[in-house]
Amino acid sequence: MTEVIKVDHLNYQYEAQKELNEMALKDVSFTINKGEWVAIIGHNGSGKSTLSKNINGLLAPKSGEITVDGLVLSTETVWDIRRKIGIVFQNPDNQFVGATVEDDVAFGLENNGIERKEMQERVRDALERVDMWQFAAKEPARLSGGQKQRVAIAGIVALRPEVIILDESTSMLDPEGRDEVLSLIHQLKDERGLTIISITHDINEAASADKIMVMDGGQLVKQGTPAEIFALGEQLVDMGLDVPYPERLKAALKKRHFDIPDDYMTEEGMVDWLWQLNSTK
């Protein structure tokens, strides 16, 4: 597979941490391949959002190297890299700058010098893809939370980046809105071969990823498939993280001295296992 992001021995320190000799990121290294969906999970303060802002050049690392699509991140390349990576933040209101939905989606294109005819085509295409073209003339402030997030996504999609970072971008939505946004991102990923980095507390969102990376204390402590990560069970709980319901059920059954498989199981897998267990008694 083609490597699109490489992070090599990355360290970052906020100004307030210098006197305390603390680090927000400590010697973080990993690679992400083109077309992957990678979820980064960790408790508050674990460094996951700091990591995303370093990847996009919003923060400058103390040391280490970040390479995006063959470009090493530097003051000379940062704007080229930002054209390759789009970020959708937690609160879409913080991203809105246009008086209307259409104006807002066009804003980034204008800054990139896209000609008017192409800009109009991209704006319409992006809004149609997120099912928001009918709201093109509306004020963003008058939209629902889910609609606002769709417009924020459209603004990124119109720029046609190769990587989209979702920085807690579904955390303010209700379950229905969250499912709609994630379904949309999955569809766009498949259509365009996008690489997705999801910074999230939502276990269900992480479970749909190709790979999960676990941050703790500014360090990358685990990475693997969802099955490999969720099989850690109580280790994740000790780090202040949630685990899927089947893993919580397995832990409860183990306390009651049931012989439980160590492998990760989905809810359907757990139901099948319980059915087999019951049928042998």
Side-chain angles (χ1 to χ4, degrees), residues 1-90 95 108 111-112 156 159-169 185 189 192-200 206 209-226 228-229 239 241:
M1 299 181 72
T2 304
E3 182 181 281
V4 68
I5 292 176
K6 181 179 181 181
V7 174
D8 195 22
H9 300 292
L10 186 69
N11 294 281
Y12 183 80
Q13 186 177 51
Y14 288 102
E15 192 66 31
Q17 294 179 310
K18 291 182 178 179
E19 290 186 8
L20 302 173
N21 198 29
E22 295 178 345
M23 299 293 293
L25 296 175
K26 306 173 189 175
D27 197 33
V28 176
S29 297
F30 60 87
T31 60
I32 296 176
N33 293 321
K34 182 176 176 59
E36 276 191 314
W37 184 305
V38 177
I40 302 178
I41 64 175
H43 59 79
N44 288 335
S46 62
K48 55 188 188 297
S49 287
T50 301
L51 176 58
S52 73
K53 291 179 176 66
N54 271 263
I55 292 173
N56 197 46
L58 293 174
L59 296 176
K62 181 178 181 180
S63 61
E65 188 173 84
I66 298 170
T67 305
V68 179
D69 196 26
L71 286 177
V72 176
L73 179 61
S74 67
T75 54
E76 290 77 24
T77 63
V78 64
W79 291 106
D80 291 324
I81 283 175
R82 286 180 185 171
R83 291 187 187 97
K84 296 176 180 291
I85 301 177
I87 297 185
V88 182
F89 292 102
Q90 181 181 40
Q95 292 182 253
N111 283 347
N112 280 279
I156 299 300
L159 293 169
R160 299 182 180 173
E162 298 176 32
V163 180
I164 293 180
I165 298 176
L166 306 174
D167 194 351
E168 301 282 6
S169 56
I185 294 293
K189 174 186 178 295
R192 295 193 171 182
L194 297 172
T195 303
I196 307 295
I197 301 174
S198 170
I199 314 295
T200 184
D210 300 309
K211 179 169 68 178
I212 295 177
M213 302 196 308
V214 184
M215 296 291 296
D216 187 36
Q219 296 178 295
L220 176 59
V221 295
K222 298 284 184 183
Q223 59 179 317
T225 65
E228 290 167 340
I229 296 301
M239 286 187 278
L241 300 173

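Given the structure is predicted, the values throughout are model-derived calculations rather than measurements.
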Looking at E228 and G224, what are the two nearest heavy atoms and their distance?
OE1-CA, 3.3 Å
Does I85 reach the side chain of I197, with side-chain heavy atoms less than 4.5 Å apart?
no
When rounded to the nearest 0.5 angstrom, what is the spacing between NZ in K62 and CD in Q17?
10.0 Å
Going from CG on D216 to CG on L241, what distance comes out if it is rounded to the nearest 0.5 angstrom?
7.5 Å
Report yes if the side chains of L10 and D27 come closer than 4.5 Å at any heavy-atom pair, otherwise no.
no
Test side-chain contact (heavy atoms from CB on, under 4.5 Å) on Y12 and V28; report intermediate values, then the result.
CA-CA 10 Å; Y12 183 80; V28 176; over 6 Å; no
Got a donor-acceptor contact below 3.5 angstrom from the Q13 side chain to the E22 backbone?
yes
Using a 4.5 Å cut-off on heavy atoms from C-beta on, say whether the side chain of T77 contacts that of V72.
no
Nearest atoms (heavy-atom pairs only) where L71 meets I81
O-CD1, 3.7 Å
So, T225 side chain and K211 main chain: donor-acceptor pair closer than 3.5 Å or not?
no
Mind checking the CD1-CG spacing from I165 to L58? Nearest 0.5 Å is all I need.
8.5 Å
To the closest 0.5 Å, what do you measure between CD1 (I66) and CG (L73)?
5.0 Å
Of the options K222, Q223, K48, which is the one that meets V214 in a side-chain contact (heavy atoms from CB on, under 4.5 Å)?
K222
Out of the candidates N33, T31, V163, only one should pair with V4 under the side-chain contact (heavy atoms from CB on, under 4.5 Å) rule; please name it.
V163
Is the number of heavy atoms from other residues, nucleotides or ligands under 6.0 Å of N21 CG greater than 12?
no
Tell me, do I41 and T200 make a side-chain contact under 4.5 Å, heavy atoms counted?
yes
Do F30 and V38 come within less than 4.5 Å of each other through their side chains, counting heavy atoms only?
no
Could you tell me the separation between the CG atom of L25 and the OH atom of Y14, rounded to the nearest 0.5 Å?
7.5 Å
With side chains defined as the heavy atoms from C-beta onward, is the minimum distance between R83 and D80 less than 4.5 Å?
yes
Rounded to the nearest 0.5 Å, the CG atom of D69 sits from the CD atom of E3 at a distance of 10.5 Å
Of the non-hydrogen atoms in P161 and K84, which two are nearest, and what is the gap between them?
CB-O, 3.4 Å
Between D167 and K53, is the closest basic N to carboxylate O distance under 4.0 Å?
yes
Note: I212 and P226 closest approach over all heavy atoms is CD1-CA, 3.7 Å
Answer yes or no: are there more than 12 heavy-atom neighbours, outside K189 itself, under 6.0 Å from its atom NZ?
yes
If we only count heavy atoms from C-beta on, is the D8 to S29 side-chain gap below 4.5 Å?
yes
Are any of the side-chain heavy atoms of L220 and M215 separated by less than 4.5 Å?
yes
